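Source: prediction; values computed, not measured. No hydrogens, no waters, no symmetry mates; every other heavy atom, side chains included, goes into these values.
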Amino acid sequence: MAGTGFLGVVITAFGLLAFIGSTHAQLQMDFYAESCPKAEKIISDYVGQHIPNAPSLAASFIRMHFHDCFVRGCDASVLLNSTNGQSPEKNAVPNQTLRGFDFIDRVKSLVEAECPGVVSCADILTLVARDSVVTTGGPFWQVPTGRRDGVISNITEATNNIPTPFNNFTTLLRLFNNQGLDTNDLVLLSGAHTIGIAHCPSFSRRLYNSTGPGGVDPTLDSEYAANLKANKCRTPNDNTTIVEMDPGSRKTFDLSYYTLLTKRRGLFNSDAALTTNSTSLALINQLLSNPQSFFYAQFAKAMEKMGRINVKTGSEGQIRKQCAFVNS
């Protein structure tokens, strides 16, 4: 939800500041204070009313927001159906298990009823992701608004830019660096897996098609692997069974995910990869040696940073009337 150098090149401090500044100069807190003052309350009220009945959606919205930002920036392109005859991002393999598109559409319709053509789908998705996590007892982070919606959604760009469960550390870091994120962000944003669920195909090759005895990945704890094979993904072809990424603690946004990583019980190859790099492993141990409030504060910073990736502001893009369709 992850080496090469940061951004893949060596750049000056001034150049980095210019790069970051250009991506979010016009985002601001309470952007809609005058144009749609009730917008954020409408969103948080709807989330607060419905997420307690479907708390697993909190993880879905974090993932949807993450996948959106990694392709053309945080512009709600992941919500689009086909544009200009192109297959959209939502058809890419990493996005085929995304849930909650109808939830976003309902929130959008409520906001449109209050303020037609004012609040972007990109901001709605970003706010829903934050409010969903808060509603389930997780950390709060600031969400400056003013994003505008993109008009292009391309399956190939999603396939090429979104990290997968199968990636090793080098690939994860490269994909994060491409978005202006670093090792710290990779470790922290992966922490959202504490409330995540997964389908067997995202990790079953670690159980059946690896180099260890019985086809089990030797970097996966043998007892954990045996349990997964016996009780969850009983065959290599199981495409439907859902598995908790943080067993016994999935409903709690906590440090348990990182504890499991140190015990070789990360579900994905990309989870296990975080312990193969000395810098990322040190960050994991730092999180585990501090109170949960430290993790919450650091996670909040990483989410705020991700939410600013290549945003469209001002006259860029548009404010979609419906999140799945570009305005005609």
Side-chain angles (χ1 to χ4, degrees), residues 23-51 54 57 60-92 95-96 98-132 143-158 306-328:
T23 64
H24 62 82
Q26 298 177 63
L27 291 187
Q28 62 187 66
M29 297 301 299
D30 301 316
F31 179 84
Y32 300 108
E34 295 184 5
S35 59
C36 192
K38 295 181 181 179
E40 293 195 26
K41 187 175 189 304
I42 290 171
I43 295 167
S44 62
D45 284 352
Y46 188 85
V47 169
Q49 179 182 357
H50 294 282
I51 289 297
L57 278 176
S60 298
F61 290 132
I62 283 277
R63 185 165 172 247
M64 187 184 291
H65 179 36
F66 172 77
H67 286 201
D68 180 48
C69 292
F70 267 61
V71 185
R72 292 185 170 266
C74 309
D75 68 348
S77 54
V78 74
L79 304 178
L80 281 172
N81 292 342
S82 178
T83 59
N84 297 322
Q86 292 181 328
S87 185
E89 292 172 31
K90 61 172 61 172
N91 288 349
N95 291 333
Q96 289 175 3
L98 289 179
R99 299 183 302 128
F101 292 106
D102 55 340
F103 189 103
I104 299 294
D105 288 340
R106 289 196 295 272
V107 174
K108 174 65 170 175
S109 66
L110 292 173
V111 175
E112 282 292 299
E114 176 71 20
C115 312
V118 173
V119 181
S120 69
C121 298
D123 277 339
I124 288 173
L125 174 55
T126 307
L127 288 163
V128 166
R130 190 273 308 277
D131 292 345
S132 296
V143 176
T145 44
R147 296 167 189 80
R148 289 173 65 85
D149 298 324
V151 297
I152 296 172
S153 184
N154 185 298
I155 184 174
T156 302
E157 293 180 348
M306 186 186 79
R308 296 177 182 271
I309 293 174
N310 292 330
V311 295
K312 295 169 177 62
T313 58
S315 60
E316 297 177 283
Q318 61 181 212
I319 305 298
R320 283 184 225 140
K321 298 175 182 176
Q322 299 180 62
C323 291
F325 303 98
V326 173
N327 296 344
S328 56

Calculate, to the nearest 0.5 Å, the distance between atoms [atom1] and [atom2] belonging to [X] and [Y] respectively.
X      : Y      : atom1 : atom2 : value
Lys108 : Ile42  : NZ    : CD1   : 11.5 Å
Ile124 : Leu110 : CD1   : CG    : 9.0 Å
Gln28  : Thr313 : CD    : OG1   : 10.0 Å
Phe31  : Cys36  : CZ    : SG    : 11.5 Å

Shortest non-hydrogen contact between [X] and [Y], atoms and distance:
X      : Y      : value
Leu125 : Val78  : CD2-CG1, 4.2 Å
Ile152 : Glu89  : O-OE2, 4.2 Å
Gly150 : Arg320 : O-NH2, 2.9 Å
Met306 : Cys74  : O-SG, 3.2 Å
Ile155 : Pro88  : CB-O, 3.5 Å

Contacts under 3.5 angstrom, residues 115-123 side chains, donor-acceptor by atom type, not counting sequence neighbours:
from, atom 1, to, atom 2, distance (Å)
Ser120, OG, Asp123, N, 3.0
Ser120, OG, Arg147, O, 2.7
Asp123, OD1, Arg147, N, 3.3
Asp123, OD1, Arg147, NH1, 2.7
Asp123, OD2, Tyr32, OH, 2.5
Asp123, OD2, Gly146, N, 2.9
Asp123, OD2, Arg147, N, 3.2

(message) Run the side-chain hydrogen bond (donor to acceptor under 3.5 Å, both in side chains) test against Glu157 and tell me which residues pass, sequence neighbours left out.
(response)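 With sequence neighbours excluded, Glu157 shows a side-chain hydrogen bond (donor to acceptor under 3.5 Å, both in side chains) to Arg72, given in chain and number order.
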Looking only at atom types and distance, does a side-chain atom of [X] sit under 3.5 Å from a main-chain N or O of [Y], one as donor and one as acceptor?
X      : Y      : answer
Asp149 : Cys323 : no
Ser109 : Arg106 : yes
Arg148 : Glu316 : yes

Below 4.5 Å, heavy atoms only, C-beta onward: do [X] and [Y] meet side chain to side chain?
X      : Y      : value
Met64  : Ile104 : yes
Thr145 : Leu127 : yes
Ser77  : Asp68  : yes
Pro144 : Met29  : yes
Gln86  : Thr156 : no

(message) I'd like to know whether CD of Gln96 has more than 12 heavy-atom contacts from other residues, nucleotides or ligands below 6.0 angstrom.
(response)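 Check passes, neighbour count above 12.
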(request) With Asn95 as reference, evaluate Arg63, His67, Lys90 under the side-chain hydrogen bond (donor to acceptor under 3.5 Å, both in side chains) test and give the passing residue. (result)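 The side-chain hydrogen bond (donor to acceptor under 3.5 Å, both in side chains) with Asn95 is passed solely by His67 among Arg63, His67, Lys90.
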(message) Quick one, Glu40 with Val143, criterion side chain to side chain contact (heavy atoms under 4.5 Å, CB included). Give me CA distance, side-chain angles, the key distance, then yes/no.
(response) CA-CA 10 Å; Glu40 293 195 26; Val143 176; over 6 Å; no
(request) In sequence, state the C-alpha distance, the side-chain angles, and the governing distance for Thr126 and His65, and then conclude on side chain to side chain contact (heavy atoms under 4.5 Å, CB included). (result) CA-CA 6 Å; Thr126 307; His65 179 36; 3.4 Å; yes
(request) Take Phe103 and Ile51 through the test side chain to side chain contact (heavy atoms under 4.5 Å, CB included) and record every step on the way to the result. (result) CA-CA 10 Å; Phe103 189 103; Ile51 289 297; 4.2 Å; yes
